[in-house]
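Inspection log for the structure reproduced underneath, given as structure tokens.
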There are 2 protein chains.
Amino acid sequence: MPKRVGPRRPTQVEIAQRAGVSQATVSLVLSERDGAPVSEETRRRVQQAIEDLGYAVNPAARALRGMTVKTIGLYTFESVFPVDQRDFYHPFLVGVEEEAARLGYDLLLFTSANTAQRGVYAKGRNALLKSDGCVLLGRHISRDDLANLAKEGFPFVFIGRRDIEGAELSYVAPDYVAPTAALVEELAALGHRRVLLLRQSDGAEPGEDRELGFRQGARAAGLAPDDLLVEYSGGAGDIGADRVTGWVRDGVTAVLVEPSEDNATGVALAEVAEAAGVRIPDDLSVAFLGSAPAPTATRIWTSFEIPRVEIGRAAVRLLVNLLEGAEEPPLQLLVPCIDVRGNSISRVVRR
Amino acid sequence: MPKRVGPRRPTQVEIAQRAGVSQATVSLVLSERDGAPVSEETRRRVQQAIEDLGYAVNPAARALRGMTVKTIGLYTFESVFPVDQRDFYHPFLVGVEEEAARLGYDLLLFTSANTAQRGVYAKGRNALLKSDGCVLLGRHISRDDLANLAKEGFPFVFIGRRDIEGAELSYVAPDYVAPTAALVEELAALGHRRVLLLRQSDGAEPGEDRELGFRQGARAAGLAPDDLLVEYSGGAGDIGADRVTGWVRDGVTAVLVEPSEDNATGVALAEVAEAAGVRIPDDLSVAFLGSAPAPTATRIWTSFEIPRVEIGRAAVRLLVNLLEGAEEPPLQLLVPCIDVRGNSISRVVRR
DNA sequence: CCAGGTGACTAATACGTAACGACTGCGGGC
DNA sequence: GCCCGCAGTCGTTACGTATTAGTCACCTGG
């Protein structure tokens, strides 16, 4: 790693010489604290020298003294950084940026880390140290990385709920339990008795929470445990015509889908159902436990939206609370989702 | 600015103690340079200690020693940061991010600086020092800031061509001259003799370049200097029906529009022309010297597109060349634009 | 006249790293 | 037998800052 080029820039020592004071006094003037015991005359001379020489404080030296550097890191476990608007995670980035700016922090995007494909602890180990603290993102997390970070005491906030054995971590996440339970109760009220939950096969906490809400809602609505079905999908390819018609033949009248980021599963389900002659919602009610495929002229999917921008903002707020010493980790926050009333569920027709 | 919290992390000294060597040797092992004279046995012991204690190099200390920290800054003179997809500058951000990631640099967004509304030299003066070098962006530049940065020898690349008196700066910019000249020649070939250039009233270099191309193209096509008109627009409100009909009455058959970021001028022109009964292109040919308003079912504006993502990439490449010592500033690059063949210009009808 | 206090300033130090120059064996050339 | 060069290692220093523990002159009340 080469030396930095260009002319050296002035230091506090040079300011001090020009103003005829000591370096310590320059530092005092710069820190501008209320009770700083420095005479008006001295302060003026120092500030004049700063002006003349164009002095700028050296952030590296500050950081080495253990000061914070007013920088929040953003790291994603996904393979690309969510600057592209089509990315599922893009709204989180927007929220994080907004709130960081509002609170006077710069935002460091750890773009190099994921290309190195070694995760947080790449190369020189723990690239995140360039920031005061970090917002972490993405579905394909490395649990080891999270555990290590927590053990090291590095300040970070994860977006999404995750349980790590032996370490409690700070996170802000959407509340999937409540709206899922509400949807099940609504379906029950519409006459549905046999309901299927189609989970992502990654077995992550968001899926667990949806299943928890699924069972809570069913219990509250008095559905029989035997009529609660749970299946898994590894992606669009897992949804075939025989599978969908099989559900209907089996007496299932409603399917709750845990969406993937790209919603390929959801799109596939819609296409396959149409091709197989299964009408939505007449033959099968379908709802998404999260972001649904884009609405069309005739179809608005019943679902709920994750307030992604707001979650990004909240993550930064939490992190800054940690950094500025007001709170102790873990700090955890659940954010309510927003119901989307669609036309993809309906009252069940008895035959 | 408060002290950083949390437990201290291990240093090279502690690694050294555990491995039974000196701190200098640890540093040698870590630098991993080809000709590093350290025995295999020692290297192994040191690496074991690093593993055991979970050592991570301290970026602040490195930076203080004058090393680069593999971080590229991005600063915008606009009031908001272009994370929002609707922002004119968003594609630049995408390109910058891509290339930074590819070259192994992290990307530091100076979001706090613009809220402080004091520019580059806010607060502690020159926030950009947190990065090795910086990509600068935005139309509403501060010429003082640019001049100061150049004088200080801070490595940066501006996106867009700018001339600063007494300082040559590095930039990458779209070539407005060539495509503008080509458009004028095309119009002349279609029989146009009296052509108007409608400039943004900020008088910045992009406008100058367009006017240069305007005159070059006219000369090449043999148009009379008296038939070259130049007017200015301060925004959508400046475009009234009387102004547009005035052009036509004055014998103008074609208008070249320098677009603003939000293209409000262009949209206004289209609406006003239609309301005033001036048909495009039959009564008046219109072309945009840059990004045009969005196309509709019946209208594709003749214009040329700025390859914004590619420009973002190129800016990072230039900057990294500067940082890694291969080149000396100023480094300047013009990127060709992409013609958009529309239906908003046509052969002039003699009456 | 002195103890104690206060306001204004400074010397010294620590932060963790990279690099330079020195030091030690040791084998080889003369 | 002596010196040279080399591989391998270490001691020391510098980077620029914030802070601690002073120093010093001057004042104030007794």
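Here the structure is a predicted model, which means the values were calculated and not measured. In what follows, chains are A, B, ... by sequence order, proteins preceding strands, each numbered from 1.
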Point to revise | Any B/Ser22 side-chain N or O less than 4.0 Å from OP1/OP2 of D/dC10 | key: yes

### Task
Describe the nucleic acid contact of A/Val21 in one word from base, sugar-phosphate, nothing, applying a heavy-atom distance below 4.0 Å.
sugar-phosphate

Salt bridge check: are B/Glu14 and B/Arg18 linked by an N-O gap of less than 4.0 Å? no

- Item | side-chain N/O B/Arg65 vs C/dG16 OP1/OP2, d < 4.0 Å | no

Describe the nucleic acid contact of A/Ser39 in one word from base, sugar-phosphate, nothing, applying a heavy-atom distance below 4.0 Å. sugar-phosphate

Checking D/dT9, C/dA11, D/dG16 against the side chain of A/Ala24 (C-beta onward), the nearest is C/dA11

Which part of the nucleic acid does A/Thr42 contact within heavy-atom distance under 4.0 Å: base, sugar-phosphate only, or nothing?
sugar-phosphate

Rounded to whole Å, the CD-C1' distance (B/Gln12 to D/dT9) equals 15 Å

Distance below 4.0 Å between B/Arg8 side-chain N/O and C/dG16 OP1 or OP2 = yes

Does a nitrogen or oxygen in the side chain of A/Thr11 sit under 4.0 Å from OP1 or OP2 of D/dG16?
no

A/Leu129 CG to C/dC15 C1', in whole Å, measures 15 Å

In B/Leu74, B/Leu136, B/Thr76, B/Leu137, the residue satisfying side chain to side chain contact (heavy atoms under 4.5 Å, CB included) with B/Ile159 is B/Leu137

5'-most contact on DNA chain D (nearest-nucleotide basis), B/Ala61 vs B/Gln23, goes to B/Gln23

Is there side-chain contact between A/Val26 and A/Tyr55, with heavy atoms separated by less than 4.5 Å? no

